[in-house]
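Below, each value reflects all heavy atoms present in this structure, side chains not excepted, and no hydrogens, waters or symmetry copies.
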Amino acid sequence: MAVSENTETQAVPAEQVTCFESGNEMAATAAAQINYHIMGYFPITPSTEVAQYLDQMKARGQHDIELIAADGEHGSAGICYGAAMAGARVINATSSQGFLYMLEQLPTQSGTRFPMVLNLVTRAVSGPLDIRGDHSDLYYGLNAGWVILTASTPQAVYDMNIMALRIAEHAEVRLPVIVAYDGFFTSHQKRKVQYFKDNEVVQSFVGPNPNHEYPNVSDPSRPVTIGAHMGGDDLLNNHYQLSLALEKAGEVYAEVAAEYAALSGREHQVLDLYRMDDAEVAVFLLNSAGESAKDTVDALRNRGIKAGLVRPNLIRPFPAEQLRQALKQVKALLVGERADSYGAQGGNLTHEIRSALQVDPDNHTVILSRIFGLGGKDFYADDAAAFFELAIDAASKGYAEKPFDYHGYYPGDPKHALAPVREPLHGDDYRSGLIEVTPGEDGRLKVKLPPLRQLTAKPHRLAPGHGACPGCGALSALELFFKGIEGDMVVLFQTGCAYVVTASYPYSSHNQTFVHNLFQNGAATLAGMVDAFYELKRRGEIQISDDITFIMVSGDGGMDIGMGATVGAALRNHKMIILEYDNEGYMNTGSQLSYSTPVGHITSTSGLGKTQKGKKGHHKDTAQILAACNIPYVFTAAESNPQDMIQKAAKAQWYANHAGTAYGKLLCACPLNWKTPDHSGHDLVKAAVDSCFFPLYEIEQGVTNITYNPELKNKRIPAADWLKGMGKTKHLLKDEELLHSFEAEIERRWSRLKLKHESDLL
């Protein structure tokens with residue numbers, strides 16, 4: 001029988017510290033103690049904290065890991081793979097869609113046998129979007145060729161992160177390893193944990209880096225070719241070797257776990273078998289739900305029912321033989337899974353357990369499958385009791401009345417259907433007739449606007465009651481921009497704050513058609529939507545008297561991970577507006593650095609400390625990147641100059657409906673990210689504009705025009721006057737070298753912009 005992780009196997013030889021920490025904190029602690037070489041990462045809830053904690057430790061000088069902020073999870077996987085090929089020790093952390101986005105890279109790494117450790121903080125896979133924990137992301141990794149460990153508690157997260165590297169680098173394994181633990185259950189819950197006081201204990205356990213002994217790209221005296229094309233015969237051999245290595249990892253896991261138990265006093269056998277010695281009915285649960293069900297087992301035992309629990313610590317390789325042994329006397333087993341294999345009448349592990357038992361002629365266990373806890377739906381003692389009752393019924397009958405079902409769903413009731421709170425607004429409701437846009441003789445558009453007060457009569461595109469933070473500049477800037485859009489529009493929001501706070505089922509703050517798609521693919525999605533709309537109109541299959549304006553809204557780093565799709569859409573020149581609200585960070589995941597974050601600015605992944613001074617590198621000039629795609633119209637705008645913004649909105653609409661893609665960048669205050677009072681956003685945005693950090697200009701048909709020049713109006717201010725108003729930048733005022741670098745970059749970009757303004761050829 002396996003013992004729980006808290007069982008004392010012997011006197012603990014290594015001194016440990018007891019504290020209360022979360023799973024994410026313990027993953028970061030283990031990584032820091034190992035002192036990996038590289039972490040390529042991209043923020044996604046709920047795994048983001050791992051990188052944040054490591055950044056804080058780095059600022060304090062607690063480790064030497066180079067943290068590389070990627071452009072997206074696909075990029076982070078490439079960074080990690082490249083670092084592993086160089087012989088480095090590599091770690092990463094991700095969740096949900098991020099794991100799927102990097103998925104195509106994972107078999108490449110296992111197929112070429114380069115070890116690393118990936119913390120998969122499990123979360124529901126969209127769609128629709130749900131940021132809480134289930135195992136729908138984990139199940140996509142079952143066929144990637146990676147070793148997969150499952151950690152049920154913060155203590156197990158720490159222990160398995162240390163064990164994982166030993167397994168990954170074992171001479172007969174040489175494979176990457178996933179440590180999977182439940183998002184928002186294990187990742188964020190604080191529990192009593194122990195960690196080794198001396199980092200040397202951890203580093204001695206994992207041993208010196210053996211990767212230089214194997215082929216890698218860092219030794220020019222031993223040139224290698226990695227990833228060459230293989231024919232079928234060679235590929236079959238390659239995958240056979242991978243299969244053998246993965247099976248060997250099961251043996252290595254047992255060896256490493258035993259050695260770790262001697263060092264720590266905590267044992268993590270392949271299967272955690274709770275009261276299974278004589279069990280006749282049992283439940284199989286993964287990760288934190290297994291911990292929750294142990295009390296239910298005890299309660300059933302007190303009633304004289306021989307109940308037991310099976311919780312695996314390892315699912316790749318799949319512990320088939322251990323399960324056959326554990327279930328020999330069990331009459332009925334209910335397999336609870338936080339993910340479905342749609343249409344297969346059971347989740348993935350259900351079928352693997354059935355397959356494992358099928359080869360044992362003496363086993364007659366009835367297997368039931370229940371899908372539960374999707375999207376982080378809580379699992380309580382009553383749920384565990386319901387599972388056991390199903391198993392007890394099947395054991396008594398010798399068969400399952402219903403072998404497969406979902407647990408916890410409920411039918412809808414039409415009488416509770418929500419009615420719209422207002423009549424739909426469209427067409428003339430949003431057409432003021434007060435904005436005139438006409439092409440001029442010079443090829444540029446002329447815009448005639450009424451006094452701004454008159455435009456306030458236009459209905460809002462966003463209804464009140466959204467969940468934006470006090471002082472959020474994104475929604476007010478978007479609403480102002482939309483004042484310049486006449487008639488109907490369809491808006492697509494990429495994932496980000498502006499999406500999260502305006503659409504939470506079954507409610508929506510959007511008064512017109514709204515669509516959400518993921519960070520990395522918004523522009524491509526809207527492009528398909530636009531072209532399909534025009535093609536349906538051309539064929540006469542839809543009767544729409546006026547064209548709709550299609551707008552994609554991005555922000556919170558969306559022009560990092562979504563840059564590829566955006567550039568692709570721009571180069572194809574679809575009839576649409578791409579709008580970026582720039583709050584200089586990834587706010588929907590907790591204020592991490594974006595490529596639009598300016599140099600030296602503090603975020604949760606560019607901390608300030610004795611070893612670092614905020615973000616490295618200057619901010620991305622997205623407007624100039626899009627201008628290089630030769631689209632008809634590019635602009636920047638800010639709420640501090642409202643008439644300028646509305647004029648540009650009107651131009652963008654004309655170009656989107658007549659010529660092709662328009663792109664705009666709006667600077668938006670974020671009190672949470674900028675560390676400022678809620679009411680100061682307007683003044684700070686104005687200061688950013690007046691300091692020329694965020695110049696207001698447009699590029700119309702390739703010709704640059706500065707639309708507001710603070711120098712000509714004697715309103716230009718030093719950059720320091722903007723920086724001193726934000727908590728994230730006050731330290732720059734005390735660092736002359738960094739401040740000078742920042743000011744010099746502002747001046748360089750401003751000077752180049754003025755030259756372009758003066759010459760139509762630039």
Side-chain angles (χ1 to χ4, degrees), residues 14 26-41 50-51 54-55 57-58 61-68 70 76-93 105-106 108-119 145-147 149 157-179 195-227 242 245-246 248-249 251-253 255-257 259-260 263-264 611:
M26 296 314 294
T29 299
Q33 290 188 310
I34 292 169
N35 202 23
Y36 283 89
H37 296 99
I38 298 291
M39 181 182 188
Y41 72 93
V50 178
L54 283 169
D55 183 81
M57 295 176 184
K58 179 73 175 284
Q62 292 177 257
H63 64 77
D64 298 320
I65 304 171
E66 183 179 354
L67 302 170
I68 304 176
S76 78
I79 290 168
C80 290
Y81 182 42
M85 285 192 287
R89 281 177 161 167
V90 185
I91 192 167
N92 197 357
Q105 183 66 70
L106 304 189
T108 303
Q109 184 147 358
S110 59
T112 50
R113 306 287 293 280
F114 285 98
M116 69 166 281
V117 175
L118 170 65
N119 282 274
W146 288 48
V147 180
L149 314 183
V157 172
Y158 174 76
D159 295 341
M160 289 189 178
N161 263 273
I162 296 171
M163 293 162 56
L165 186 60
R166 274 282 301 275
I167 296 165
E169 292 179 345
H170 191 280
E172 295 183 78
V173 178
R174 301 293 300 169
L175 287 172
V177 178
I178 290 169
V179 178
Y195 65 91
F196 295 108
K197 183 176 181 179
D198 189 346
N199 292 355
E200 288 295 329
V201 173
V202 176
Q203 292 172 11
S204 176
F205 180 82
V206 299
N209 180 15
N211 296 320
H212 66 277
E213 300 172 5
Y214 295 87
N216 65 73
V217 302
S218 294
D219 186 356
S221 68
R222 295 191 298 169
V224 295
T225 296
I226 298 171
L242 192 158
L246 198 52
K248 183 65 179 179
E251 299 177 25
V252 173
Y253 175 89
E255 296 168 4
V256 172
E259 187 177 337
Y260 190 79
L263 181 68
S264 67
T611 64

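Although no hydrogens or angles enter the test, the distance criterion places no donor-acceptor pair under 3.5 Å between the side chain of Asn119 and the main chain of Val117. His37 places a side-chain N or O within donor-acceptor distance of the main-chain N or O of Arg89, the cut-off being under 3.5 Å. Put simply, the side chain of Asn92 gets close to the backbone of Gly40: a donor and an acceptor are under 3.5 Å apart. The closest donor-acceptor contact from the side chain of Arg113 to the backbone of Pro176 lies at 3.5 Å or more, if one exists at all.
Side chains of Pro215 and Ile226 form no contact here, defined as non-hydrogen atoms less than 4.5 Å apart. The shortest distance between side-chain heavy atoms of Tyr253 and Met160 falls below 4.5 Å. Tyr41 has its side chain out of reach of Asp55: every pair of non-hydrogen atoms, C-beta onward, lies at least 4.5 Å apart. Contact annotation: the side chain of Asn216 never approaches that of Val224 to less than 4.5 Å [non-hydrogen atoms, C-beta and beyond].
Surrounding OH of Tyr195 are at most 12 heavy atoms belonging to other residues, nucleotides or ligands under 6.0 Å away.
In plain terms, the two heavy atoms of Glu169 and Pro210 that are nearest each other are OE1-CD, 3.1 Å. Considering all non-hydrogen atoms of both residues, Val50 and Ala28 come closest at O-CB, 3.9 Å. The minimum heavy-atom distance between Leu242 and Ser110, with the atom names listed, is CD1-O, 3.4 Å. Here the closest non-hydrogen pair linking Met116 and Ile91 is CE-C, 4.2 Å. Of all heavy-atom pairs between Asn161 and Ala30, the closest is CB-CB, 3.7 Å. For the residue pair Ala164 and Val179, the shortest heavy atom distance occurs at CB-CG2, 3.8 Å.
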Practice prompt. For side-chain contact (heavy atoms from CB on, under 4.5 Å), just list the numbers for Glu251 and Glu172, CA-CA rounded to whole Å, side-chain angles, deciding distance to a tenth of an Å, and then say yes or no.
Written response: CA-CA 10 Å; Glu251 299 177 25; Glu172 295 183 78; over 6 Å; no
Discussion item. Is there a side-chain contact (heavy atoms from CB on, under 4.5 Å) between Tyr36 and Leu67? Walk through the geometry before answering.
Written reply: CA-CA 10 Å; Tyr36 283 89; Leu67 302 170; over 6 Å; no
Item to complete: Just do the side-chain contact (heavy atoms from CB on, under 4.5 Å) check on Gln203 and Asn35 with the steps written out, would you?
Response: CA-CA 8 Å; Gln203 292 172 11; Asn35 202 23; 4.1 Å; yes
Worksheet item: Stepwise, does the side-chain contact (heavy atoms from CB on, under 4.5 Å) test hold for Ile34 with His63?
Response: CA-CA 9 Å; Ile34 292 169; His63 64 77; over 6 Å; no
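Gln33 and Tyr158 share a donor-acceptor pair across their side chains, judged by distance under 3.5 Å alone. There is no side-chain donor-acceptor pair under 3.5 Å between Asp159 and Ser264.
Leu165 pairs in a side chain to side chain contact (heavy atoms under 4.5 Å, CB included) with only one of the listed residues (Val90, Val202, Val206, Val177), which is Val206.
Lys58 meets the side-chain hydrogen bond (donor to acceptor under 3.5 Å, both in side chains) test with no other residue; sequence neighbours excluded.
A distance of 5.0 Å separates CH2 of Trp146 from CG of Leu106, quoted to the nearest 0.5 Å. Taking CD of Gln109 as the start and SG of Cys80 as the end, the distance is 7.5 Å to the nearest 0.5 Å. Glu255 CD to His170 NE2: the interatomic distance, rounded to the nearest 0.5 Å, is 5.5 Å. Taken from OG1 in Thr611 to CD in Gln62, the straight-line distance is 10.0 Å, to the nearest 0.5 Å.
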